[in-house]
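What follows is a set of notes on a single structure, which appears directly below.
A note on names: the letters A, B, ... follow the listed sequences, proteins ahead of strands, and every chain is numbered from 1.
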Amino acid sequence: MTSAVQVSDFQLSPELVEFQQKVRAYTQEHLKDAARYDAEARFPREAVAAAAKLGLLCTTVAEEHGGSAMGNLASCVMLEEINSACAATGVTISVHNSLVNSLLGKWCNEEQKKRWFPKMVTGEWLGAYCLSEAFSGSDAAALRCEAKKNGDHYVMNGAKLWITTGSEADLFVIFARTGEDRVNGISAFVVEKTWDGVSVGKKERKLGLRGSPTTEIVCENVKVPADCLIGEEGIGFKIALDTLDGGRLGIASQSLGIARAAIDLMRDHLGKQVDHKGRPNASQPDQWDFADLASDLDAYRFLTWRAAVLRDQGVRCSTEAAMAKSCASRLANRAARRAVSMLGLAGVDGSNPAERLLRDARITEIYEGATDIQRLVIARGLLA
Amino acid sequence: MTSAVQVSDFQLSPELVEFQQKVRAYTQEHLKDAARYDAEARFPREAVAAAAKLGLLCTTVAEEHGGSAMGNLASCVMLEEINSACAATGVTISVHNSLVNSLLGKWCNEEQKKRWFPKMVTGEWLGAYCLSEAFSGSDAAALRCEAKKNGDHYVMNGAKLWITTGSEADLFVIFARTGEDRVNGISAFVVEKTWDGVSVGKKERKLGLRGSPTTEIVCENVKVPADCLIGEEGIGFKIALDTLDGGRLGIASQSLGIARAAIDLMRDHLGKQVDHKGRPNASQPDQWDFADLASDLDAYRFLTWRAAVLRDQGVRCSTEAAMAKSCASRLANRAARRAVSMLGLAGVDGSNPAERLLRDARITEIYEGATDIQRLVIARGLLA
Amino acid sequence: MHNLQLTDDQEMVVDTVKKFVVDSVAPKAQELDEHRTFVRDWCDALAELGVYGLSLAEDKGGAGMGLVPFVAALEAVGEHSGSLARLWIGQMQAVMALESVGGDLLDELAAGSKLAAFIGAEHGFTFADGRLTGSAAFVPAALEADVLIVVAGDAVVQVDASACTRTATTGLGLNSAACGRVECDGVGATELAGADAHKAELVALVGTAAAAVGAGVGSVRVGRNHAAERIAFGKPLLAQQAVQRKLVESTRRVEAARQLTWHAARLADLGGDAADAAAHARITAVDAAVQASDEAIQILGGYGYTVEYHAERHYRDAKTFEVLDGGSNALRDRLAAKAFV
Amino acid sequence: MHNLQLTDDQEMVVDTVKKFVVDSVAPKAQELDEHRTFVRDWCDALAELGVYGLSLAEDKGGAGMGLVPFVAALEAVGEHSGSLARLWIGQMQAVMALESVGGDLLDELAAGSKLAAFIGAEHGFTFADGRLTGSAAFVPAALEADVLIVVAGDAVVQVDASACTRTATTGLGLNSAACGRVECDGVGATELAGADAHKAELVALVGTAAAAVGAGVGSVRVGRNHAAERIAFGKPLLAQQAVQRKLVESTRRVEAARQLTWHAARLADLGGDAADAAAHARITAVDAAVQASDEAIQILGGYGYTVEYHAERHYRDAKTFEVLDGGSNALRDRLAAKAFV
């Protein structure tokens, strides 16, 4: 899955700039209702469908399977754009591409790919990634959901929690225990929504990202055909972690998008304050904070692109992806908080996106590996 | 002065990697006495001479004038290496290359270049950049030093303050007032150390960077030949600001070098703390801080390289250079402070470089444009 | 040893409020906030406890206890409901502004038979010829108040709430405090000659500080309790140094804010100029509350992001406190103007 | 109104110390620091003012005034000389550790006729069979002290300073405090049965907090004075909002640290457990001092980087305070261990 497009001297290639503009046009046309998705906790189905039409749900899929094979860097560029307008749409697309499609492409056999990709690349089906459980979040290997081999199938029992797109997805990648070993007893399966025993459990009511349904996915004696096992038994945790490197790039890009939106709000706010000669005369502390945040936005975008390029080149990028996610997600929160402060009452009264950005940003430090887990990955990587 | 070498996909070109290794070898051989330069406030003359021999004093000079024409990016790579070992040597070389040689190369006529470059590229002469005065620091255009035209020469009177390499330099670029207009009344001149009326004034006693002499340079009725005017009358301030963009890249790189040295100290400290199985078991908060700082080091290095590449391409990079300097210099201070905290008493008792790094780092937020000035430049650039 | 500064009488009042909060407010605060339900019952309960007149001079019918027990009790309220804390602050602003005026309105406000919304000078209302004009975004209690007390230039005026246009806003926080937009286009209003707008402002500063300290305390408690129960990597989350450090630092910041808050209240009660001290307390406490609630969310992870564990509510409320009454940055500017201009 | 908590007697002591500091310490502190000159005269002057026995019980020959006037006076010292503040802290640690022991040594220390260096438990000295073994990097007063008071496990021992190997270190800060490395390889020492190492530690915590508050105050003063005089862009630097904001924020943080410090001292004087409060004060104050001095350097620009304007000295001293006595991060870990383990 090598990207056809590159970063050279910190500039995107012309192909990527063109792609970026295409995505920007999409966001302007289709993501106007972000505030409403949030207020009504309504899944942005039409927006996701429109994205699918434009081929935005298949960026991490090879061309032979119907994908655009644009790769991780292109996905990052795309996700920053989308998330700057609507984080609920952004995470839906990020999970579909970075966690599900890229996993299927990398770890499934040809037959499996042919079975699922036709629906996944078109967005006819949406994907969800089911790793966390009630008692295993950061400590993912503590998962308890089990899949017992029984002839030509497995019997799966367990409940997965915090599943993004849970109630809207058609294809679930579910990590389940096939053996006792904490790490090597975990395997990955594809489970389809329509199968007997698969149900959507509790839907979370959340601080933000309310347009993206986060639900429990419950498996009760689900008969999972053996040919839905991904790769082989026991490599599930390895698959999960490898996939998360890519997922983290998606969340880093989401964070950049949210940060950018917050910084844009500040820019508008500061830009309006001029003296009688039209020169900026906004509060210096406000301007300085804006300058610091805008600098970090550029810096952490480079961190994100660097990791994406490595992943596109097939180089392991756990440390680099963790750096990108950790830095970008903290920036998103800092920027959104600062935007609210700077806008004052207009920052909290819902008359502009500031307060939504603050609520949406908060999840980026939590999901797909909380900040402290990113720091652990980085420290281990650098101290090794 | 287009760089022959590039950054592609966040990796230095093979040429630059080779150059980096050459510089690293130089630092290991010639900069072992950094602590002594500091303790004795002694100019690292031998170290600078050795750098000159390796061609490190002419990276911003065109080949036709005896330079290596490696450009700003290469200079940044070099300066990070040198400063990670000795900031006093680092700033000497940075000023010589980024402020003086690059200015001469860009703004002098051929005759002038032929006059000064032979001594400047070999390091036979060292250069100093004389902009600040007692009453004009951040507000550089308030300078009062004056140069009065008198036939075929100017008569220069005034005192310049905070001049890096002041007592050791042979060639001074001096900004002086040739007219009353605050900005357009400033011109740039080359003044040689040996001329009548040029003297070295007070030498500052400083918190750090003690191996680099910071002095006053006093001009009393100095007869400056008219052919030592750089460019034309009245463009001095424009030259000063343009040059500072490059200088700021040098200080950004110095900051990266100091930050890296501090982070390396932490890495050593944390790496030593292992459990009985050899796994890291250092304090989590220490490890997390280390991870955050190391991530920022990568991020702000990219900011610095990005600006350097732009400058090498002849694109104006004031905003980008200010981002690089502001972010990197704050990081250097944060990292050095954190290293001292982490090392505890060993961080303050002089038994390792931590306390020197803390003292050296502090200047990076002050000279060549204090942090608030960088923020002003960034905010203006982004709000324009 | 905590309440070094409270007399026995004061401590009794504070304990009574605490008991009410723990028994009645704590179990319902999150749910009512989620549904944006105004908490009139709680306002009435505070009235019954007689606390609206807590700091009011005895000769005006109050308890004359000063601000110290006010901040002590308010902290307990803020620990569980920022909305109720803010409603009490608004009522107290009205009461203390009117202390020097007296009269029936003061009696009604102190008794809690009328609910007030207070609109400060930062909204820039104007009053002329008996008419009040101006608008204010996001005024706590606005939608449910009986009377608005408005600072308009040098005047403090009262206006019948129903005479003003009031619009609900779907804001970030304080969802149970009936916050809304208020517009007055030449509405008839009555000047309250001699009313003390500065006193009202001081009440807002120390009150917000105390409420924010409470939010910080509540956040630390939520984070700590979760971390003690949650097992990860084979041991309670609370055994992780990084988690401990978050809680230690949050506690320390909240404690610094509390000491500043008590200092400001004591200073005011002794008749000193407590304006700077109160501003320091307010800025520090709100920042501490934002940080503590942010860290609590982080400790709770996915649970912290849901509306079931209080952390996200404290986070939203703390950020909302930050921008009310002109906001922390305007306070910083004012401290600067006072000291340096 | 500032010293709400001082009695007249206490205030007189504090004022006397302040006068001495302003008259004698302030003019010379920077120069002596630059030359790493030990300030014996100042130590003697403090002795003459009788302040080493300030907090010592009256029946032990002290003034029995508790820790509150100690922190008030120490703040004044710290504002001008971190080195002298640290020397006083060390002496006071020795005095208060020995309060429960009594005897000639206590009298001499309280009178200041002997100078002590105090080596805390964090250095891990061991004492057995009358012999003391261990080493400590960077002990204030080490090079000039007459006697070392050393915590060695459960014991507190005294040892003749001249019997130990003492080496000068060229450290980051506290250059006038004769800091040095101490090594004892089975040196003969005398146990001070009944000595209170915890009391000494509390003195170090609140004392360091107070000294750091002083460093913060001094830094703000230096920055403010420079900004008021310095003209840039046609007006005083102090007219720049960004400069004002730095000073406002430094002041606020220092004020928070001061309130924590006073709270801890009051609590201890009232017989409460002040360990956590003192730790909060110490961590907060040192951080505030580092930030305030860092900002002062920044406001002074090039001048701030020279050794002539005090800002850089406060910065070095504040960072040095941070790592002494085990350091702020170890304190954070201890607070965590106490609360969560």
Discussion item. Asp298(A) vs Arg306(B), test: salt bridge (charged side-chain N to carboxylate O under 4.0 Å, His left out). Steps then yes/no.
Written reply: CA-CA 10 Å; Asp298(A) 278 11; Arg306(B) 187 255 308 249; 2.8 Å; yes

Discussion item. Given heavy-atom pairs under 4.5 angstrom as the criterion, report whether the side chain, backbone, both or neither of Phe302(B) touches chain A.
Written reply: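 For Phe302(B), the contact with chain A is made by backbone and side chain together.
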
Worksheet item: For Ser326(B), is it the side chain, the backbone, both or neither that has a heavy atom under 4.5 Å from a heavy atom of chain A?
Response: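 Answer is side chain: those atoms of Ser326(B) sit under 4.5 Å from chain A.
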
List the atom of [X], the atom of [Y], and the distance in Å for their closest heavy-atom pair.
{"X": "Ala379(A)", "Y": "Ala291(B)", "answer": "N-CB, 4.2 Å"}
{"X": "Phe10(A)", "Y": "Val309(B)", "answer": "CE1-CG2, 4.4 Å"}
{"X": "Leu382(B)", "Y": "Ala294(A)", "answer": "CD1-CB, 3.3 Å"}

Item to complete: Calculate, to the nearest 0.5 Å, the distance between atoms CH2 and CD1 belonging to Trp288(A) and Ile378(B) respectively.
Response: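 Result: 10.0 Å between the selected atoms.
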
Item to complete: Apply the test side-chain contact (heavy atoms from CB on, under 4.5 Å) to residues Leu383(A) and Gln287(B): give CA-CA distance (whole Å), side-chain angles for both, the deciding distance (0.1 Å), then the verdict.
Response: CA-CA 9 Å; Leu383(A) 293 173; Gln287(B) 289 192 65; 4.0 Å; yes

Discussion item. Taking 4.5 Å as the heavy-atom cut-off, does anything in residues 250-273 of chain A contact chain B, and if so which residues?
Written reply: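 Residues Arg267(A), Leu270(A), Gly271(A) are the ones that qualify, each having a heavy atom under 4.5 Å from chain B.
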
Discussion item. One pair to check against side-chain hydrogen bond (donor to acceptor under 3.5 Å, both in side chains): Asp296(A) and Tyr300(B). What are the steps and the verdict?
Written reply: CA-CA 8 Å; Asp296(A) 276 345; Tyr300(B) 299 150; 2.5 Å; yes

Discussion item. With a sphere of 6.0 Å drawn around CZ of Arg182(B), does it hold more than 12 non-hydrogen atoms of other residues, nucleotides or ligands?
Written reply: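 It does: Arg182(B) CZ has more than 12 such atoms within range.
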
Practice prompt. Step through the shown structure and confirm whether more than 12 heavy atoms of other residues, nucleotides or ligands are within 6.0 Å of CZ on Arg334(A).
Written response: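 Yes, the 6.0 Å shell around CZ holds more than 12 heavy atoms from other groups.
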
Fill in: Note: Arg330(B)-Asp292(A) ion pair, threshold 4.0 Å (strictly below)
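Yes, Arg330(B) and Asp292(A) are salt-bridged.
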
Worksheet item: If you count heavy-atom pairs under 4.5 Å between each of Ala324(A), Ala282(A), Ser295(A) and chain B, which one has the most?
Response: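 Option with the greatest count: Ser295(A).
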
Worksheet entry | Trace of the side-chain contact (heavy atoms from CB on, under 4.5 Å) decision for Leu376(B) with Gln284(A) | CA-CA 8 Å; Leu376(B) 175 72; Gln284(A) 280 181 347; 5.9 Å; no

Item to complete: Check each atom of Asp372(A) against the heavy atoms of chain B and say whether the ones under 4.5 Å are side chain, backbone, both or neither.
Response: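 Backbone plus side chain of Asp372(A), per the 4.5 Å heavy-atom cut-off to chain B.
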
